[in-house]
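Heads up, the thing below is written out as structure tokens.
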Amino acid sequence: MLAVVFLLAGCAPAGTSTPERSEPPDPGTFRTQLVEDVTAAGSAVHIDALQRIADANGGNRAAPGPGYDASVDYVAQVLRDAGFDVTTPSVQLEDTEGTVRNVVAQTRTGNAENVVLAGAHLDSVPEGPGANDNGSGVAALLEIAVRMGGSPQLPNPVRFGFWAAEEQNFEGSVGYVDSLSPEDRERLAVYLNVDMVASPNAGYFVQGGVGGDLAATGPPGSDVAGRVLAEELAAVGVAAERVEFDGGSDFASFLDAGIRTGGVLAGDEGRKTGEQAERWGGKPGVEFDPCYHAACDRAEAIDRTALDRFGDALAGTIVRFAESPRQ
Ligand code: PHE
Ligand code: ZN
Ligand code: ZN
């Protein structure tokens, strides 16, 4: 019960202790430190690397293709250097000829029966380099993984997934979910989807637990994911807007499997309303990402403030789930 209160409150009340849980000694400390360590500058290093990969491979990182393969190699190497167990399981594409690889990395510590999974698609569209869509999501998760390290003192393992071919009916994440046994799926405490978190005219949207039916809200428990994400954005000074699951991203693969899911996004081709501009700043009446699926979705165009805030909020959320017993 106490641990559930920690999850909801995000930190331990001063002066309390939980004798039955020796790890972490002071819940909340790991979270505070990680949020401090995760920076936009750290994430931007990875966006810049992915931009260079696109520039060297015909201007995109589409899957299948050489820019995508180079992206897989880059992400796998960063994670190995950070001390993670890394695999690159293959997925056979159905719509296009070819095989593509996901990248999956997991910390070496914690109770394997209760795994926190965060994921971002690693491919771009053929039309552009995909710095925001979805270099930003990949970069935020890589920055979190690197700062966390492969053997954190956390009660639950953290798994990071980098999905192939989201831009082709989410085939990478569909293949990944299909590859999991019923027991493997049961071990997932939550899936957190990260797709476009540095849109040039950024919004702050959170998915999970909101909507009129199960397809919109996600399975039971998704409301907790949405609430914690919104709380962690509030902790960095942002009033998030909670929205339904729609528009399509890898979250669909997990929702379909009945896995509780949350998501964040800074917005794609939709336009920012006057009210949203008042709340978040930026330009009313303009697309969240004017370079959505275009050649100008480049590293120079991203919103570093949004990247910073989403990185911190994701770090805080991941740690809170990694410190929480199963609900
Ligand atoms: N998945 C869409 C794309 O990659 C955009 C999107 C992001 C939609 C996040 C919904 C949520 O183009
Ligand atoms: Zn896209
Ligand atoms: Zn995307």
Side-chain angles (χ1 to χ4, degrees), residues 46-47 50-51 54 59-63 65 67-68 71 75 95-96 100 102 118-141 161-174 176 191-211 215-218 222 225-226 229-230 233 240-256 261-272 276 287-299 301-303 306-307 310 313-314:
H46 305 304
I47 295 186
L50 294 171
Q51 177 67 58
N60 70 73
R61 300 181 299 100
Y68 183 74
S71 300
V75 167
D95 291 357
T96 331
V100 289
N102 293 322
H121 73 84
L122 181 54
D123 61 318
S124 74
V125 290
E127 288 75 19
N132 183 39
D133 183 13
N134 184 30
S136 64
V138 170
L141 291 185
F162 301 87
W163 315 125
E166 186 272 353
E167 302 291 3
Q168 296 169 54
N169 294 320
F170 331 126
E171 287 203 58
S173 57
V174 168
Y176 178 73
Y191 173 66
L192 302 169
N193 192 65
V194 190
D195 191 355
M196 305 179 73
V197 288
S199 305
N201 188 30
Y204 293 87
F205 299 100
V206 168
Q207 295 164 312
V210 169
T217 62
S222 301
L229 285 164
L233 277 166
E241 188 173 318
R242 293 187 61 181
V243 296
E244 301 185 353
F245 283 111
D246 72 357
S249 180
D250 298 297
F251 52 71
S253 315
F254 294 86
L255 295 177
D256 288 350
T261 297
V264 288
L265 57 148
D268 49 31
E269 60 202 333
R271 286 172 195 272
K272 189 177 276 188
Q276 289 169 333
E287 299 100 312
F288 295 106
D289 185 354
C291 289
Y292 179 64
H293 284 184
C296 61
D297 181 7
R298 298 185 55 85
I302 61 156
D303 180 340
L307 184 63
F310 277 114
L314 285 161

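Every number for a ligand or one of its atoms is a count from 1 in the order of the listing. In this chain, residues are counted from 1 in sequence order.
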Minimum heavy-atom distance Asp133-Tyr292, with the two atoms named: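 Closest pair (atom of Asp133, atom of Tyr292, distance): OD2-CE1, 3.5 Å.
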How close do Ala140 and Leu314 get, counting heavy atoms only, and between which atoms?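 Residues Ala140 and Leu314, closest heavy atoms: CB-CD1, 4.5 Å.
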Residue list, side-chain contact (heavy atoms from CB on, under 4.5 Å) with Ala164, at least two apart or on another chain: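 Result, side-chain contact (heavy atoms from CB on, under 4.5 Å) vs Ala164: Tyr68, Val100, Asn102.
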Going by the rule side-chain contact (heavy atoms from CB on, under 4.5 Å), which residues pair with Leu265 if we only count those two or more places apart in sequence or in a different chain?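 Applying side-chain contact (heavy atoms from CB on, under 4.5 Å) to Leu265 gives Phe205, Gln207.
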Taking a 3.5 Å cut-off between nitrogen or oxygen atoms, can you list every pair linking ligand 1 to the protein, with distances?
residue, atom, partner, partner atom, Å
ligand 1, 1 (N), Glu166, OE2, 2.7
ligand 1, 1 (N), Asp195, OD2, 2.9
ligand 1, 1 (N), Gly248, O, 2.7
ligand 1, 4 (O), His121, NE2, 3.3
ligand 1, 4 (O), Asp133, OD1, 3.2
ligand 1, 4 (O), Asp133, OD2, 3.3
ligand 1, 4 (O), Glu166, OE1, 3.1
ligand 1, 4 (O), Glu166, OE2, 3.4
ligand 1, 4 (O), Glu167, OE2, 3.2
ligand 1, 4 (O), Asp195, OD2, 3.4
ligand 1, 12 (O), Asp133, OD2, 3.2
ligand 1, 12 (O), Tyr292, OH, 2.5
ligand 1, 12 (O), His293, NE2, 2.8

Let's test this: below 2.8 Å, count the protein N/O/S atoms around the Zn ion (ligand 3).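 Step by step: take the Zn ion (ligand 3), keep protein N, O, S below 2.8 Å, and you get 4.
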Verdict with supporting geometry, Phe251 and Phe170, ring-ring contact (aromatic ring centres under 6.0 Å, His included): CA-CA 9 Å; Phe251 52 71; Phe170 331 126; 7.5 Å; no
If we ignore hydrogens and angles and just use 3.5 Å, is the side chain of Asp289 paired with the main-chain N or O of Cys291 as donor and acceptor?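 Confirmed, Asp289 side chain pairs with Cys291 backbone.
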Asn134 (side chain) donor-acceptor with Val194 (main chain) under 3.5 angstrom: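 Judged by distance alone, yes, a pair lies under 3.5 Å.
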Please find the N/O/S atom of His293 nearest to the Zn ion (ligand 2) and write down its name.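 Among the N, O or S atoms of His293, the one closest to the Zn ion (ligand 2) is NE2.
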Report yes or no: do Glu269 and His293 form a side-chain donor-acceptor pair below 3.5 Å?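 His293 and Glu269 do not have a side-chain donor-acceptor pair below 3.5 Å.
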Answer yes if the side chains of Asn193 and His121 hold a donor-acceptor pair under 3.5 Å, and no otherwise.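 Side chains of Asn193 and His121: no pair found under 3.5 Å.
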Roughly how far, to the nearest 0.5 Å, is CZ of Phe245 from CG of Leu255?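 Interatomic distance, Leu255 CG to Phe245 CZ, rounded to 0.5 Å: 5.0 Å.
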